[in-house]
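By convention in this document, chain letters (A, B, ...) are assigned in the order of the sequence lines, proteins followed by strands, and residues within each chain are numbered from 1.
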2 protein chains.
Amino acid sequence: MRRVSSGGPEIERLIQLLAKLPGLGPRSARRAALHLIKNRDAVMTPLAQALKTAAEQVRVCTACGNLDTHDPCAICTDASRDTKTLCVVEEVADLWALERSAMFNGRYHVLGGTLSALDGIGPDDLNIPKLLARVREAGVAEVVLATNATVDGQTTAHYLAGALAAAGVTVTRLAHGVPVGGELDYLDDGTLAAAFRGRKAL
Amino acid sequence: MRRVSSGGPEIERLIQLLAKLPGLGPRSARRAALHLIKNRDAVMTPLAQALKTAAEQVRVCTACGNLDTHDPCAICTDASRDTKTLCVVEEVADLWALERSAMFNGRYHVLGGTLSALDGIGPDDLNIPKLLARVREAGVAEVVLATNATVDGQTTAHYLAGALAAAGVTVTRLAHGVPVGGELDYLDDGTLAAAFRGRKAL
(Lines give C-alpha, C1' and ligand atoms only; values in the text may rest on other atoms or scores of the structure.)
Protein backbone atom coordinates (compact mmCIF):
# COMPACT_ATOMS: atom_id res chain seq x y z
CA MET A 1 0.00 0.00 0.00
CA ARG A 2 1.12 3.48 -0.82
CA ARG A 3 2.32 5.43 2.18
CA VAL A 4 0.18 8.39 3.16
CA SER A 5 2.78 10.15 5.29
CA SER A 6 6.48 10.02 6.04
CA GLY A 7 6.15 10.14 9.78
CA GLY A 8 6.32 6.49 10.75
CA PRO A 9 3.60 3.86 11.26
CA GLU A 10 1.93 5.59 14.22
CA ILE A 11 1.13 8.76 12.24
CA GLU A 12 0.25 6.60 9.23
CA ARG A 13 -2.32 4.69 11.26
CA LEU A 14 -3.78 7.86 12.76
CA ILE A 15 -4.26 9.32 9.27
CA GLN A 16 -5.89 6.14 7.99
CA LEU A 17 -8.35 6.10 10.89
CA LEU A 18 -9.14 9.81 10.51
CA ALA A 19 -9.79 9.23 6.79
CA LYS A 20 -12.63 6.87 7.76
CA LEU A 21 -14.64 9.75 9.19
CA PRO A 22 -17.38 11.06 6.93
CA GLY A 23 -16.31 14.36 5.39
CA LEU A 24 -12.58 13.63 5.61
CA GLY A 25 -10.65 12.19 2.67
CA PRO A 26 -6.99 11.13 2.67
CA ARG A 27 -5.77 14.68 2.11
CA SER A 28 -7.89 16.33 4.78
CA ALA A 29 -7.08 13.45 7.16
CA ARG A 30 -3.38 14.32 6.76
CA ARG A 31 -4.11 17.97 7.46
CA ALA A 32 -6.17 16.95 10.48
CA ALA A 33 -3.37 14.70 11.79
CA LEU A 34 -0.81 17.49 11.49
CA HIS A 35 -3.22 19.89 13.17
CA LEU A 36 -3.69 17.41 16.01
CA ILE A 37 0.04 16.88 16.50
CA LYS A 38 0.63 20.63 16.52
CA ASN A 39 -2.13 21.11 19.10
CA ARG A 40 -1.28 18.13 21.24
CA ASP A 41 -2.41 19.43 24.62
CA ALA A 42 -5.30 21.57 23.40
CA VAL A 43 -6.96 19.11 21.02
CA MET A 44 -5.22 15.76 20.54
CA THR A 45 -5.08 14.44 24.10
CA PRO A 46 -8.57 15.74 25.01
CA LEU A 47 -9.98 14.18 21.81
CA ALA A 48 -8.38 10.82 22.60
CA GLN A 49 -9.91 11.00 26.07
CA ALA A 50 -13.33 12.11 24.80
CA LEU A 51 -13.39 9.25 22.29
CA LYS A 52 -12.45 6.75 24.96
CA THR A 53 -15.09 8.06 27.38
CA ALA A 54 -17.80 8.11 24.73
CA ALA A 55 -16.87 4.64 23.45
CA GLU A 56 -17.12 3.27 26.96
CA GLN A 57 -20.19 5.12 28.21
CA VAL A 58 -22.52 6.03 25.36
CA ARG A 59 -25.33 3.56 24.83
CA VAL A 60 -28.62 3.35 22.95
CA CYS A 61 -31.68 4.33 24.98
CA THR A 62 -33.84 1.20 25.18
CA ALA A 63 -37.01 3.31 25.27
CA CYS A 64 -36.54 5.67 22.31
CA GLY A 65 -33.28 4.75 20.50
CA ASN A 66 -31.48 8.04 21.28
CA LEU A 67 -27.79 7.93 22.25
CA ASP A 68 -26.82 8.95 25.76
CA THR A 69 -24.61 7.87 28.63
CA HIS A 70 -27.77 7.05 30.56
CA ASP A 71 -30.45 4.53 29.71
CA PRO A 72 -33.23 5.66 29.53
CA CYS A 73 -31.84 8.84 28.01
CA ALA A 74 -32.13 12.36 29.42
CA ILE A 75 -35.06 13.17 27.11
CA CYS A 76 -37.06 10.09 28.15
CA THR A 77 -36.51 10.78 31.86
CA ASP A 78 -37.17 14.54 31.65
CA ALA A 79 -40.35 14.99 33.70
CA SER A 80 -40.96 18.45 32.20
CA ARG A 81 -41.58 16.95 28.74
CA ASP A 82 -44.99 16.11 27.36
CA THR A 83 -45.47 12.33 27.45
CA LYS A 84 -48.57 12.45 25.27
CA THR A 85 -46.76 13.38 22.06
CA LEU A 86 -44.29 11.10 20.31
CA CYS A 87 -42.15 12.24 17.39
CA VAL A 88 -40.93 9.45 15.10
CA VAL A 89 -37.60 10.07 13.32
CA GLU A 90 -35.36 7.93 11.13
CA GLU A 91 -32.02 8.53 12.82
CA VAL A 92 -30.49 10.00 15.97
CA ALA A 93 -29.18 12.89 13.84
CA ASP A 94 -32.79 13.84 13.01
CA LEU A 95 -33.70 13.79 16.69
CA TRP A 96 -30.80 16.16 17.43
CA ALA A 97 -31.83 18.45 14.57
CA LEU A 98 -35.38 18.72 15.94
CA GLU A 99 -34.05 19.33 19.46
CA ARG A 100 -31.92 22.20 18.13
CA SER A 101 -35.01 23.75 16.59
CA ALA A 102 -36.52 23.71 20.11
CA MET A 103 -40.00 23.37 18.55
CA PHE A 104 -40.94 20.09 20.19
CA ASN A 105 -41.32 19.26 23.84
CA GLY A 106 -42.55 15.68 23.65
CA ARG A 107 -40.59 12.46 23.39
CA TYR A 108 -38.99 10.75 20.44
CA HIS A 109 -38.83 7.38 18.80
CA VAL A 110 -35.84 6.59 16.58
CA LEU A 111 -36.62 4.02 13.88
CA GLY A 112 -33.01 3.37 12.94
CA GLY A 113 -33.67 3.73 9.19
CA THR A 114 -36.53 3.43 6.73
CA LEU A 115 -38.46 0.58 5.18
CA SER A 116 -36.82 -0.38 1.92
CA ALA A 117 -38.00 -3.10 -0.42
CA LEU A 118 -34.78 -2.73 -2.39
CA ASP A 119 -32.53 -3.35 0.61
CA GLY A 120 -34.94 -5.92 2.10
CA ILE A 121 -35.64 -3.86 5.22
CA GLY A 122 -39.05 -4.66 6.70
CA PRO A 123 -40.87 -3.37 9.81
CA ASP A 124 -39.20 -5.92 12.09
CA ASP A 125 -35.73 -4.74 11.05
CA LEU A 126 -36.56 -1.29 12.38
CA ASN A 127 -37.65 -0.06 15.78
CA ILE A 128 -41.31 -0.31 14.64
CA PRO A 129 -42.69 -3.14 16.86
CA LYS A 130 -41.42 -1.23 19.91
CA LEU A 131 -43.07 1.95 18.60
CA LEU A 132 -46.45 0.22 18.32
CA ALA A 133 -46.08 -1.28 21.80
CA ARG A 134 -45.07 2.10 23.19
CA VAL A 135 -48.05 3.88 21.64
CA ARG A 136 -50.39 1.27 23.06
CA GLU A 137 -48.96 1.25 26.57
CA ALA A 138 -47.80 4.78 27.26
CA GLY A 139 -50.96 6.82 26.81
CA VAL A 140 -49.77 8.60 23.69
CA ALA A 141 -52.30 10.97 22.11
CA GLU A 142 -50.40 12.19 19.03
CA VAL A 143 -47.66 10.66 16.90
CA VAL A 144 -45.76 13.12 14.68
CA LEU A 145 -44.16 11.30 11.74
CA ALA A 146 -40.95 13.24 11.08
CA THR A 147 -39.30 10.87 8.60
CA ASN A 148 -37.36 12.46 5.74
CA ALA A 149 -39.21 13.76 2.68
CA THR A 150 -37.57 11.06 0.54
CA VAL A 151 -39.32 8.18 -1.19
CA ASP A 152 -38.25 5.72 1.52
CA GLY A 153 -39.06 8.18 4.30
CA GLN A 154 -42.53 8.84 2.94
CA THR A 155 -43.18 5.13 2.36
CA THR A 156 -42.25 4.47 5.97
CA ALA A 157 -44.51 7.29 7.18
CA HIS A 158 -47.37 5.88 5.12
CA TYR A 159 -46.83 2.40 6.53
CA LEU A 160 -46.72 3.76 10.09
CA ALA A 161 -49.91 5.79 9.58
CA GLY A 162 -51.65 2.56 8.60
CA ALA A 163 -50.18 0.58 11.48
CA LEU A 164 -51.12 3.28 13.99
CA ALA A 165 -54.66 3.76 12.70
CA ALA A 166 -56.01 1.03 14.98
CA ALA A 167 -54.34 2.48 18.09
CA GLY A 168 -56.73 5.45 18.30
CA VAL A 169 -54.03 8.14 18.26
CA THR A 170 -53.80 11.27 16.11
CA VAL A 171 -51.12 10.79 13.46
CA THR A 172 -49.57 13.92 11.92
CA ARG A 173 -46.63 14.63 9.67
CA LEU A 174 -44.34 17.65 9.13
CA ALA A 175 -45.55 20.29 6.67
CA HIS A 176 -43.99 20.44 3.22
CA GLY A 177 -43.32 23.79 1.63
CA VAL A 178 -40.86 26.50 0.71
CA PRO A 179 -37.83 26.45 3.06
CA VAL A 180 -37.41 29.68 5.00
CA GLY A 181 -35.11 31.91 2.94
CA GLY A 182 -35.70 29.78 -0.16
CA GLU A 183 -36.23 31.33 -3.59
CA LEU A 184 -39.05 29.94 -5.69
CA ASP A 185 -36.98 29.96 -8.85
CA TYR A 186 -34.49 27.51 -7.32
CA LEU A 187 -37.04 25.11 -5.83
CA ASP A 188 -37.87 21.75 -7.38
CA ASP A 189 -41.36 21.33 -8.81
CA GLY A 190 -42.41 18.82 -6.15
CA THR A 191 -41.71 21.22 -3.29
CA LEU A 192 -43.37 24.07 -5.14
CA ALA A 193 -46.47 21.97 -5.78
CA ALA A 194 -46.59 20.90 -2.12
CA ALA A 195 -46.21 24.52 -0.99
CA PHE A 196 -49.02 25.57 -3.32
CA ARG A 197 -51.34 22.80 -2.21
CA GLY A 198 -50.66 23.64 1.42
CA ARG A 199 -51.20 27.42 1.03
CA LYS A 200 -52.70 29.22 4.00
CA ALA A 201 -54.88 32.29 4.48
CA LEU A 202 -52.90 35.33 5.56
CA MET B 1 -23.87 28.05 24.81
CA ARG B 2 -26.24 26.42 22.39
CA ARG B 3 -26.28 22.65 22.62
CA VAL B 4 -24.94 20.85 19.58
CA SER B 5 -26.49 17.47 20.34
CA SER B 6 -29.06 15.91 22.62
CA GLY B 7 -26.94 13.02 23.74
CA GLY B 8 -25.51 14.25 27.02
CA PRO B 9 -22.29 16.10 27.84
CA GLU B 10 -19.93 13.30 26.73
CA ILE B 11 -21.22 13.30 23.14
CA GLU B 12 -21.42 17.09 23.26
CA ARG B 13 -17.74 17.33 24.19
CA LEU B 14 -16.73 14.82 21.51
CA ILE B 15 -18.54 16.84 18.84
CA GLN B 16 -16.95 20.09 20.01
CA LEU B 17 -13.47 18.57 19.85
CA LEU B 18 -14.08 17.02 16.43
CA ALA B 19 -15.30 20.41 15.18
CA LYS B 20 -11.83 21.80 15.91
CA LEU B 21 -10.30 19.65 13.18
CA PRO B 22 -9.62 21.48 9.93
CA GLY B 23 -12.22 20.51 7.35
CA LEU B 24 -14.92 19.68 9.90
CA GLY B 25 -17.57 22.21 10.91
CA PRO B 26 -20.20 21.75 13.62
CA ARG B 27 -22.52 19.86 11.27
CA SER B 28 -19.94 17.44 9.91
CA ALA B 29 -18.54 16.99 13.43
CA ARG B 30 -21.98 15.75 14.50
CA ARG B 31 -22.10 13.36 11.55
CA ALA B 32 -18.58 12.17 12.41
CA ALA B 33 -19.53 11.63 16.06
CA LEU B 34 -22.58 9.55 15.09
CA HIS B 35 -20.47 7.58 12.62
CA LEU B 36 -17.91 6.91 15.35
CA ILE B 37 -20.52 5.77 17.87
CA LYS B 38 -22.10 3.48 15.28
CA ASN B 39 -18.70 1.98 14.44
CA ARG B 40 -17.42 1.77 17.96
CA ASP B 41 -15.18 -1.27 17.63
CA ALA B 42 -14.05 -0.71 14.05
CA VAL B 43 -13.22 3.00 14.22
CA MET B 44 -13.89 4.75 17.52
CA THR B 45 -11.80 2.70 19.95
CA PRO B 46 -8.88 2.27 17.48
CA LEU B 47 -8.92 6.02 16.79
CA ALA B 48 -8.84 6.83 20.50
CA GLN B 49 -5.89 4.48 20.88
CA ALA B 50 -4.07 5.83 17.81
CA LEU B 51 -4.48 9.40 19.06
CA LYS B 52 -3.16 8.45 22.48
CA THR B 53 -0.17 6.61 21.02
CA ALA B 54 0.66 9.42 18.62
CA ALA B 55 0.24 12.09 21.31
CA GLU B 56 2.63 10.21 23.55
CA GLN B 57 5.22 9.11 21.01
CA VAL B 58 5.39 11.49 18.05
CA ARG B 59 8.09 14.13 18.34
CA VAL B 60 9.84 16.67 16.16
CA CYS B 61 13.11 15.46 14.60
CA THR B 62 15.83 17.70 16.03
CA ALA B 63 17.84 17.39 12.81
CA CYS B 64 15.27 18.23 10.12
CA GLY B 65 11.98 19.17 11.82
CA ASN B 66 9.99 16.19 10.46
CA LEU B 67 7.54 14.40 12.75
CA ASP B 68 8.27 10.83 13.75
CA THR B 69 8.23 8.56 16.76
CA HIS B 70 12.03 8.45 16.52
CA ASP B 71 14.48 11.32 16.82
CA PRO B 72 16.35 11.67 14.46
CA CYS B 73 13.52 10.65 12.13
CA ALA B 74 13.48 7.69 9.75
CA ILE B 75 14.44 9.88 6.79
CA CYS B 76 17.46 11.40 8.56
CA THR B 77 18.74 7.99 9.66
CA ASP B 78 18.08 6.23 6.33
CA ALA B 79 21.59 5.36 5.09
CA SER B 80 20.32 4.77 1.55
CA ARG B 81 19.47 8.45 1.14
CA ASP B 82 21.76 11.00 -0.45
CA THR B 83 23.27 13.20 2.29
CA LYS B 84 24.63 15.76 -0.19
CA THR B 85 21.25 17.18 -1.17
CA LEU B 86 18.97 19.06 1.21
CA CYS B 87 15.42 20.05 0.34
CA VAL B 88 14.04 23.02 2.29
CA VAL B 89 10.27 23.07 2.85
CA GLU B 90 7.93 25.27 4.85
CA GLU B 91 5.92 22.65 6.69
CA VAL B 92 5.90 18.93 7.46
CA ALA B 93 2.91 18.56 5.10
CA ASP B 94 5.14 19.76 2.23
CA LEU B 95 7.79 17.19 3.15
CA TRP B 96 5.14 14.44 3.06
CA ALA B 97 3.85 15.69 -0.31
CA LEU B 98 7.36 15.53 -1.80
CA GLU B 99 7.92 12.07 -0.32
CA ARG B 100 4.71 10.87 -1.96
CA SER B 101 5.96 12.11 -5.31
CA ALA B 102 9.02 9.86 -4.76
CA MET B 103 11.13 12.29 -6.81
CA PHE B 104 13.65 13.15 -4.14
CA ASN B 105 16.07 10.90 -2.34
CA GLY B 106 17.99 13.40 -0.25
CA ARG B 107 17.19 14.82 3.16
CA TYR B 108 14.84 17.58 4.21
CA HIS B 109 14.82 20.68 6.33
CA VAL B 110 11.50 21.96 7.64
CA LEU B 111 11.47 25.72 8.27
CA GLY B 112 8.23 25.74 10.26
CA GLY B 113 6.76 28.62 8.27
CA THR B 114 7.88 31.56 6.17
CA LEU B 115 9.43 34.92 6.83
CA SER B 116 6.71 37.51 7.21
CA ALA B 117 7.23 41.20 7.88
CA LEU B 118 3.50 41.56 8.51
CA ASP B 119 3.41 38.90 11.22
CA GLY B 120 6.85 39.87 12.55
CA ILE B 121 8.44 36.51 11.74
CA GLY B 122 12.19 36.84 11.18
CA PRO B 123 14.91 34.27 10.38
CA ASP B 124 15.44 33.42 14.06
CA ASP B 125 11.78 32.53 14.52
CA LEU B 126 12.15 29.82 11.89
CA ASN B 127 14.44 26.82 11.63
CA ILE B 128 16.89 28.94 9.56
CA PRO B 129 19.94 29.20 11.88
CA LYS B 130 19.95 25.40 12.14
CA LEU B 131 19.71 25.14 8.34
CA LEU B 132 22.78 27.32 7.88
CA ALA B 133 24.71 25.36 10.51
CA ARG B 134 23.64 22.09 8.90
CA VAL B 135 24.75 23.18 5.44
CA ARG B 136 28.13 24.24 6.80
CA GLU B 137 28.77 21.10 8.83
CA ALA B 138 27.19 18.25 6.92
CA GLY B 139 28.97 18.43 3.54
CA VAL B 140 25.85 19.48 1.63
CA ALA B 141 26.41 20.14 -2.09
CA GLU B 142 22.95 21.27 -3.19
CA VAL B 143 20.08 22.96 -1.41
CA VAL B 144 16.69 22.74 -3.17
CA LEU B 145 14.40 25.55 -2.03
CA ALA B 146 10.91 24.04 -2.14
CA THR B 147 8.96 26.78 -0.38
CA ASN B 148 5.48 27.54 -1.67
CA ALA B 149 5.03 29.73 -4.74
CA THR B 150 3.36 32.39 -2.59
CA VAL B 151 4.71 35.87 -1.87
CA ASP B 152 5.94 34.83 1.59
CA GLY B 153 7.33 31.54 0.28
CA GLN B 154 9.25 33.25 -2.49
CA THR B 155 10.51 35.98 -0.15
CA THR B 156 11.82 33.27 2.17
CA ALA B 157 13.47 31.43 -0.74
CA HIS B 158 15.11 34.68 -1.84
CA TYR B 159 16.40 35.35 1.66
CA LEU B 160 17.75 31.80 1.96
CA ALA B 161 19.49 32.01 -1.44
CA GLY B 162 21.32 35.08 -0.16
CA ALA B 163 22.19 33.55 3.20
CA LEU B 164 23.45 30.37 1.54
CA ALA B 165 25.53 32.16 -1.11
CA ALA B 166 28.55 32.31 1.18
CA ALA B 167 28.40 28.60 2.02
CA GLY B 168 29.59 27.50 -1.41
CA VAL B 169 26.63 25.25 -2.18
CA THR B 170 24.46 25.08 -5.28
CA VAL B 171 21.06 26.59 -4.54
CA THR B 172 18.13 25.58 -6.75
CA ARG B 173 14.37 26.04 -6.64
CA LEU B 174 11.39 24.10 -8.01
CA ALA B 175 10.35 24.90 -11.59
CA HIS B 176 7.27 27.02 -12.17
CA GLY B 177 4.95 26.20 -15.04
CA VAL B 178 1.73 24.65 -16.25
CA PRO B 179 0.50 21.96 -13.81
CA VAL B 180 0.25 18.52 -15.40
CA GLY B 181 -3.31 18.18 -16.73
CA GLY B 182 -3.83 21.95 -16.50
CA GLU B 183 -5.59 23.91 -19.23
CA LEU B 184 -3.98 27.14 -20.37
CA ASP B 185 -7.31 28.95 -20.48
CA TYR B 186 -7.85 28.40 -16.77
CA LEU B 187 -4.34 29.34 -15.62
CA ASP B 188 -3.54 32.65 -14.00
CA ASP B 189 -1.33 35.04 -15.94
CA GLY B 190 1.60 34.71 -13.55
CA THR B 191 1.84 30.95 -14.02
CA LEU B 192 1.44 31.29 -17.77
CA ALA B 193 4.20 33.90 -17.92
CA ALA B 194 6.47 31.69 -15.80
CA ALA B 195 5.76 28.70 -18.03
CA PHE B 196 6.52 30.75 -21.13
CA ARG B 197 9.75 32.14 -19.72
CA GLY B 198 10.80 28.63 -18.69
CA ARG B 199 10.01 27.01 -22.07
CA LYS B 200 12.27 24.16 -23.11
CA ALA B 201 13.44 22.74 -26.46
CA LEU B 202 11.51 19.62 -27.45
Residue pair B:Ala48 / A:Leu51: nearest heavy atoms and the distance that separates them: CB-CB, 3.6 Å
Heavy-atom pair of closest approach, residues A:Ala55 and B:Thr45: CB-OG1, 4.0 Å
Heavy atoms, side chains only, cut-off 4.5 Å: are A:Arg30 and B:Arg100 in contact? yes
Please look at B:Leu14 and chain A and tell me whether the side chain, the backbone, both or neither of the residue comes under 4.5 angstrom of a heavy atom of that chain. both
Using the side-chain contact (heavy atoms from CB on, under 4.5 Å) rule, pick out the option among B:Val43, B:Leu36, B:Leu47 that qualifies with A:Lys20. B:Val43
Are the side chains of A:Leu67 and B:Leu34 in touch, meaning some heavy atoms are under 4.5 Å apart? yes
Counting only heavy atoms not in B:His158, do more than 12 sit closer than 6.0 Å to its NE2 atom? no
Determine the minimum heavy-atom distance between B:Ala42 and A:Leu17, stating which atoms define it. O-CD2, 4.4 Å
Contact part of A:Ala54 toward chain B, heavy-atom cut-off under 4.5 Å: side chain, backbone, both or neither? both
Contact class of B:Gln49 relative to chain A, heavy atoms under 4.5 angstrom: neither
Mind listing the closest non-hydrogen atom pair of A:Glu10 and B:Thr53 along with its distance? CG-CG2, 4.0 Å
Pair count under 4.5 Å, heavy atoms only, with chain A: among B:Ala97, B:Cys73, B:Cys61, B:Ala32, highest is B:Ala32
I need the residue from B:Val92, B:Ile37, B:Asp41 with the largest number of non-hydrogen atom pairs under 4.5 Å to chain A. B:Ile37
Residue A:Arg31 versus chain B: region with a heavy atom under 4.5 Å: both
Are there more than 12 heavy atoms of other residues, nucleotides or ligands under 6.0 Å from atom CZ of B:Arg27? no
Evaluate the criterion salt bridge (charged side-chain N to carboxylate O under 4.0 Å, His left out) for residue pair A:Lys38 and B:Glu91; output intermediate values, then yes/no. CA-CA 11 Å; A:Lys38 277 190 186 168; B:Glu91 299 287 354; 3.2 Å; yes
